[in-house]
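Take a look at the structure below.
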Amino acid sequence: MKRMTAKKRLLVVFIAAVAVGATVALVFIFQFFGDAVRERSDLYISARTDYPGLLDSLRPRTDHHWAFDRYAGRLELERSFKPGHYVLEPGMNVVEIARMLKLGMQTPVRVTLNYARTRAFLASRLARQLDADSAELMRALTDPQLAREVGTDSLQLFSIFIPNTYEFYWTVSPEDFVRRMRKEYDRFWTPERDAARRRSGLSRDEVMTLASIVTEETNKADEMPRVAGVYINRLRKGMPLQADPTVKYALQDFSLRRILHKHLRTPSPYNTYLNKGLPPSSIAMPSVAAIDGVLNFENHDYLFFCARPTFDGYHSFARTYGEHLANARAYSAELNRRNIK
């Protein structure tokens, strides 16, 4: 067997080195540009998250951590990543992920408003859907200066929130959230709704306040225009509304099943047994059905209504106080029979 010459040995070594280098280069390229995400996932990076926290959230969702660390270092991502809600899609590589975090290319979230009795309840619910905490949100919801900026006052600010599902960036500030909701409120008040409102003689704020009472009185959308008609009749006659939900609001006790005479004496501007007219502001976030129920209130001559003793969610309506007392006695008897206190 012939011995390999020095030149041949050098050539073999060179070829081997090239092969190793090519392999390393391919691995390097694959680490940077190969698929780093196997399945879709949502990544939430709070404004209070530090860089180690970002990595802790990112690691279980991605591969090629070595390449990410090096590319993130080149981008100075540790000092420049943006908080937000990000969607990691299958096939993304570390370059795309790092750039997405650096540029803040977040995906909006869907925020649902459907019901809230108080500002505190609304703040708590929003805190579960946005990056802001409930204390920050509560400050915005009660801020007189912000209320003036959006064309209302701190008492009526609660009335600008229309139940619906909206898209927001997860990191939206509480103040910008309120500003956006004012725009949605103005968009809600179409020329058709304003025309219907003028029929009632109520302002927008008054419609929202009355709708909040209707929302608390019944969850039956087909009955809301009739309930609203009762209150419109009482307002026009100068009668106190005598709405039980306003007493619960005055007491801040929403667990009451029965409103007793002692409750009716609760001193509060929200107690419509003691005060004529509408309360100072909404007692809950009214449903869209209730708002439209007020705008399209039913013309009738009913002045009273009482829950049916059948407990089907509907009410018995009366034109006279005598008729109403008979309905109330039947309902009260059923409450007693069921031992509801």
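Under the 4.5 Å side-chain heavy-atom criterion for grouping Ile, Leu, Val, Met, Phe, Trp and Tyr, F121 is not connected to M181 through any hydrophobic cluster.
Taking the six-membered ring where the residue is Trp, the centroids of F177 and Y169 are separated by 6.0 Å or more.
Side-chain contact check for Q106 versus P83: every heavy-atom pair is 4.5 Å or farther apart. Proximity of T215 to R117: side-chain heavy atoms (C-beta onward) are nowhere separated by under 4.5 Å. Residues Y231 and L278 fail the side-chain proximity criterion, which asks for heavy atoms closer than 4.5 Å. Counting heavy atoms from C-beta outward, P279 and I213 have side chains that approach closer than 4.5 Å. Counting only heavy atoms from C-beta outward, the side chains of F188 and R193 approach each other to under 4.5 Å. Contact annotation: the side chain of I283 never approaches that of F254 to less than 4.5 Å [non-hydrogen atoms, C-beta and beyond].
Here the closest non-hydrogen pair linking I97 and A36 is CD1-CB, 4.2 Å. Minimum heavy-atom separation, A140 to P174: CB-CB, 3.6 Å. The two residues G313 and K220 have their closest heavy-atom pair at O-CG, 3.7 Å. The minimum heavy-atom distance linking R338 with P309 is given by the pair NH2-O, 4.1 Å. Nearest heavy-atom pair, H300 versus V230, reported as atom, atom and distance to 0.1 Å: CE1-N, 3.4 Å.
Between F161 and F158, the angle of the ring planes lies from 30° to 60°, which puts this pair in the tilted group. The aromatic rings of F81 and Y51 lie tilted to each other, with the angle between the two planes from 30° to 60°.
Between the side chains of T171 and D131, not a single donor N or O lies within less than 3.5 Å of an accepting N or O. For the residue pair Y270 / N275, no side-chain donor-acceptor distance below 3.5 Å is found, with atom types taken as modelled. Side-chain atoms of R99 and Y71 form a donor-acceptor pair, as typed in the model, at a separation below 3.5 Å. A donor atom on one side chain and an acceptor atom on the other are not found under 3.5 Å apart for E216 and Y249. Using modelled atom types and a 3.5 Å distance limit, the side chains of R125 and T112 yield no donor-acceptor pair.
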Given the rule in the side-chain hydrogen bond (donor to acceptor under 3.5 Å, both in side chains) test, do R319 and N233 qualify, once you have shown the distances and angles that lead to the verdict? CA-CA 11 Å; R319 295 173 177 83; N233 288 344; over 6 Å; no
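Residues E149 and R182 are not paired through a salt bridge, judged by the lack of any N-O separation under 4.0 Å between the basic side chain and the carboxylate.
R79 CZ: 12 or fewer foreign heavy atoms inside a 6.0 Å radius.
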